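As the structure is a prediction and not an experimental result, all values here were calculated from the model.
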Amino acid sequence: MTQTDESVCEEIRKKLPHPLKELAELAYNYWWSWNRRATKLWERIDSEHWIEFKNPVKLLIDTPEERFRELLNDDDFMNLYELVMEQFERYMNPDSTWFSMNYPRWDKPIVYLCMEYGITRSLPIYSGGLGILAGDHVKTASDLGLPFIAIGLLYKHGYFRQEIDENGKQVEVFPEYKPEEMPIKPVLDKNGERLLIEVPIEDRTVYARAFEVKIGRVKIYLLDMDVPENSEDDRKICDYLYNAEMDKRIKQEILLGIGGMHLLQRMGIEPGVIHLNEGHPAFANLQRIAWYLEKGLSFTEALSIVRGTTIFTTHTPVPAGHDKFPIEEVQARLAKFLEGREELLELGKEKDELNMTLLAIRTSSYVNAVSKLHAEVSKVMWQHLWPGVPLDEIPIEAITNGVHTMTWVHNEMRKLFDRYIGRVWREHTNLEGIWYAVEHIPDDELWQAHVEAKRQFIEILRKKAMIRNERLGIDTPLPSIDSNALIIGFARRFATYKRATLILSDLKRLSKILNNPERPVYIVFGGKAHPMDEGGKKFLKRIYEVSQMPEFRGKIFLVENYDMGTARHMVSGVDVWLNTPRRPLEASGTSGMKSGLNGVLNASIFDGWWVEGYNGKNGWVIGEESTKPETEEDDPKDAEALYDLLEKEIIPIYYENRAKWIYMMKESIKSIAPRFSTHRMVKEYMDRFYSKAMSNHIWLTRNNYRGAKEIAGWKDRVTKSWPKVDFLKVDVEEGRQGLEALLDLDGLKPEDVKVELYYGVRAEGYYIDKPHIIELRHPKEVRNGQWVYTYHGKALKHLGDSCWHYALRVYPHHEKLPHKFLLGLVKWIGLD
């Protein structure tokens, strides 16, 4: 953006009549994107323009002054304008927030870094679930009043716009977006000039500009290198989201992580907590460590501060989702940064590669997966980092994803909730008790609201088909769907493990299901395959080809360019949301949460969030309620289970037992809306992670980093002594009434370790499903460095029984260590 681009904001203000001046401020705050009245306000200015672009800044630029003067005489518009601005003012300047009430003394920001953000269609810097989740996280941070700052990248071409050619092949189109026409503003320095930050790449310094995006009460800062001070090649680093070129991908992640930290420094912002959303921004922690080293701290001291104040969220068990780069390639891109501190890369080194997820784990004290099942899978994936630690005690926790309710609830449902629950649900989405009022919604009103959502989605289908026909110069029939018929929706990224084509496994059987004249069924597919994913593209092409077969024409539809705008209609405009991943590769999945919130019933493989969400009354499980991993060999069995489910349960209930269907819709809403909202999710991050990381920040940094020096000294002592720490002898008393264990602590004090009796019924091998753990206290020193620990009690009564397992263990302990096995050090001795 050139300096003259800042004048766009001023030009808009000059164009607007004085009574409408506040439209300029509203346009540059994405609060409007989840406020129905605000979006209605923009639509009243120019409905066609709004429907096409959904961009208030471009709307204000393109609208002639005469139109604004006309609106001054439109009483309905002016009344709506005043109502919206009053609501905006109350939101932006509340008397109190959830955060201010619960954390009144908090004084430093939480900084969140992510590669993509899905806010709405007019900010096209997202590709799929990760970005949508990040966008919902930011919106909820605003709703709850968190002191929250997000950092990302601005992509000139964003992610691609998808076109489907006449043969069903995906065509990627990359529009060029103009920042001056988007609801974002350049960040300026104290002199009113554009702010430039310096970023070390290869052997030189490159420059990045920053843009401010207001999301309610919080801000996202987006970095970009398209400035005249850079070389032509460097200016293109942020051209595309997830650039396929390894060189530019590494540089993007350097910009996000290291550049993001430089931006905060230039703006005088000291973060209290850092949240890395996926491994892409992990270089941020290398920069933070480097700065502490420059202040004279040791490596262990610097790492202790950085690690103690960092949260890392991993989002996928799929190997391709974890960035790995040849170590020499990273060394080359970070040559200037690494001068004299090459050891920093050891934190993420894995053989001859740098693993960004590994780097994030090793520099974070709080690591979480995005569902309970995903946490179990992640612990298995990364258990080699904690050798000897039982799986259930590996420090990877679960905070299940959620969705921003006000963004994803359909307007017809919103009106019903207001009427029968009361507007309290809008601010207290996660309170389960209030949602039981859904039962008070009359069946016919709920059904009519749902049918209206279906009609609107069908109209979107028709418009998209019309646009495609015009582009290709073809004359195929437009979708003609009875809104009272059963519609199945499948929409998500076209990764092969999501098995979009599973329902096409037996076309003869599927044809009978879809073409029953008394019980018609339609299937709508949507989603994009990654430009480099040939397997995903083949799946998409296969769906298109089947949709063109005579027996499926008019029964199966493929939605072109599935994006946030389409998604908001589709998650509420179908009857069944289909999800068929190969377990356990679906880490969480949020589209089913959005549909469930709107009364759409989920039919899903027992994977991801559905393991927690399914209650037997709010949808269906395809196949077994098992968390056992699946392979390609399980596909036929799952397809058979899907067809059986459709034929024997879903279709008969829909057409023959409307009362039961509506009962399940209500059950879906009241069970899914509160538990899978980002209000619940962000509060959980706040209570379980952010607050603890902030406490760590205070303790580690105050009084000239006294806490960091204390725990670093303790870690150095423990690490030095640990190779010699061991059990020398264990004696069990006669009658199994107690035991005595002699340990060599090699100079460590008893307060530096914990010794525990660990026992229980064997589940498999030495694995114990629900172990009993008893700490052995009050040791006595028998000779220099050797201590005797004793236990007396009834716990040993099953010792010798082959069904039971008994062991003693010792591990380092410090009261300020965020997790007892964070260091991954433990030693065992079996008693069997």
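Ion pair D575/K454 flagged as a salt bridge, since at least one NZ, NE, NH1 or NH2 atom sits closer than 4.0 Å to an Asp/Glu carboxylate oxygen. Look at D533 and R493 and you find no salt bridge, because none of the NZ, NE, NH1 or NH2 atoms lies under 4.0 Å from a carboxylate O. A salt bridge is absent between E459 and R455: the closest approach of a Lys/Arg side-chain nitrogen to an acidic carboxylate oxygen does not fall below 4.0 angstrom. Between K372 and E376 there is no salt bridge, since no side-chain N of the basic residue sits under 4.0 Å from a carboxylate O of the acidic one. Electrostatic pairing of R426 and D418 counts as a salt bridge here, judged by a charged N lying under 4.0 Å from a carboxylate O. Look at E452 and K415 and you find no salt bridge, because none of the NZ, NE, NH1 or NH2 atoms lies under 4.0 Å from a carboxylate O. Between D165 and K541 there is no salt bridge, since no side-chain nitrogen of the basic residue lies less than 4.0 Å from a carboxylate oxygen of the acidic one. Look at E649 and K660 and you find no salt bridge, because none of the NZ, NE, NH1 or NH2 atoms lies under 4.0 Å from a carboxylate O. Between R519 and E656, at least one side-chain nitrogen of the basic residue sits less than 4.0 Å from a carboxylate oxygen of the acidic one, meeting the salt-bridge criterion.
In this structure, the side chain of K537 engages the main chain of P531 through a donor-acceptor pair within 3.5 Å. Side chain of S505 to backbone of L502: a donor-acceptor contact under 3.5 angstrom is found. With N401 contributing its side chain and S588 its backbone, the two residues share no donor-acceptor pair below 3.5 Å. Within the 3.5 Å criterion, the main-chain N or O of P124 finds no donor-acceptor partner in the side chain of Y155. A donor-acceptor pair under 3.5 Å is absent between the side-chain atoms of E43 and the main chain of W50, judged by distance alone. Listed for the Y655 side chain is no donor-acceptor partner under 3.5 Å among the backbone atoms of E518. Remark: the backbone N or O of L431 is not paired with any side-chain donor or acceptor of W425 at under 3.5 angstrom. Not a single donor-acceptor pair under 3.5 Å links the side chain of R249 to the backbone N or O of D323. A donor-acceptor pair under 3.5 Å is formed between the side chain of T580 and the backbone N or O of R499. Between the side chain of S378 and the backbone N or O of A375, no donor-acceptor pair lies under 3.5 Å.
Residue E560 is tested with K528, R161, R471 for a salt bridge (charged side-chain N to carboxylate O under 4.0 Å, His left out); the sole match is R471. Looking at N561, L540, L472, I543 one by one, the single match for side chain to side chain contact (heavy atoms under 4.5 Å, CB included) with I164 turns out to be L540.
Under the rule for a side-chain hydrogen bond (donor to acceptor under 3.5 Å, both in side chains), Y117 has no partner lying at least two apart in sequence or in another chain.
Remark: R568 CZ to K54 NZ distance equals 7.0 Å, nearest 0.5 Å. Distance check: R583 CZ to L585 CG gives 10.5 Å after rounding to the nearest 0.5 Å. A distance of 12.0 Å separates OH of Y685 from OG1 of T140, quoted to the nearest 0.5 Å. A distance of 10.5 Å separates CD in E586 from CG in L373, rounded to the nearest 0.5 Å. Atom NZ in K379 sits 7.0 Å away from atom CD1 in I394 (nearest 0.5 Å). To the nearest 0.5 Å, atom CD of residue E667 and atom CD1 of residue I672 are 9.0 Å apart.
Separation of the H530 and Y242 ring centroids does not fall under the 6.0 Å cut-off.
The cationic group of R658 lies under 6.0 Å from the six-membered ring centre of Y654 and within 45° of the ring axis, placing it in a cation-pi geometry.
Looking only at atom types and distance, the side chain of S595 has no donor-acceptor partner in the side chain of N598 under 3.5 Å away. Donor-acceptor pairing under 3.5 Å is recorded for the side chains of S122 and Y30. Between the side chains of Q252 and N243, not a single donor N or O lies within less than 3.5 Å of an accepting N or O. In the model, D136 has no side-chain atom that pairs as donor or acceptor with a side-chain atom of T678 under 3.5 Å. With 3.5 Å as the limit, one finds a donor-acceptor pair spanning the side chains of S604 and N579. Residues T501 and R542 have side chains that never bring a donor and an acceptor to within less than 3.5 angstrom of each other. A donor and an acceptor atom, one from each side chain of Y420 and E445, are located under 3.5 Å apart.
Atom NZ of K169 sits in a sparse spot, with 12 or fewer heavy atoms from other residues, nucleotides or ligands closer than 6.0 Å. The number of heavy atoms from other shown groups lying within 6.0 Å of CG (D475) does not exceed 12. Residue-environment remark: CD (E624) stays at or below the threshold of 12 foreign heavy atoms within 6.0 Å.
Using a 30° and 60° split on the angle between ring planes, Y240 and H157 fall in the parallel class, below 30°. In this structure, F490 and F494 have perpendicular ring planes: the angle between them is above 60°, well past the 30° mark.
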Side chain to side chain contact (heavy atoms under 4.5 Å, CB included) evaluation trace for K512 with Y643: CA-CA 11 Å; K512 289 182 180 179; Y643 292 134; over 6 Å; no

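Contact check for W577 versus V571: side-chain heavy atoms found under the 4.5 Å cut-off.
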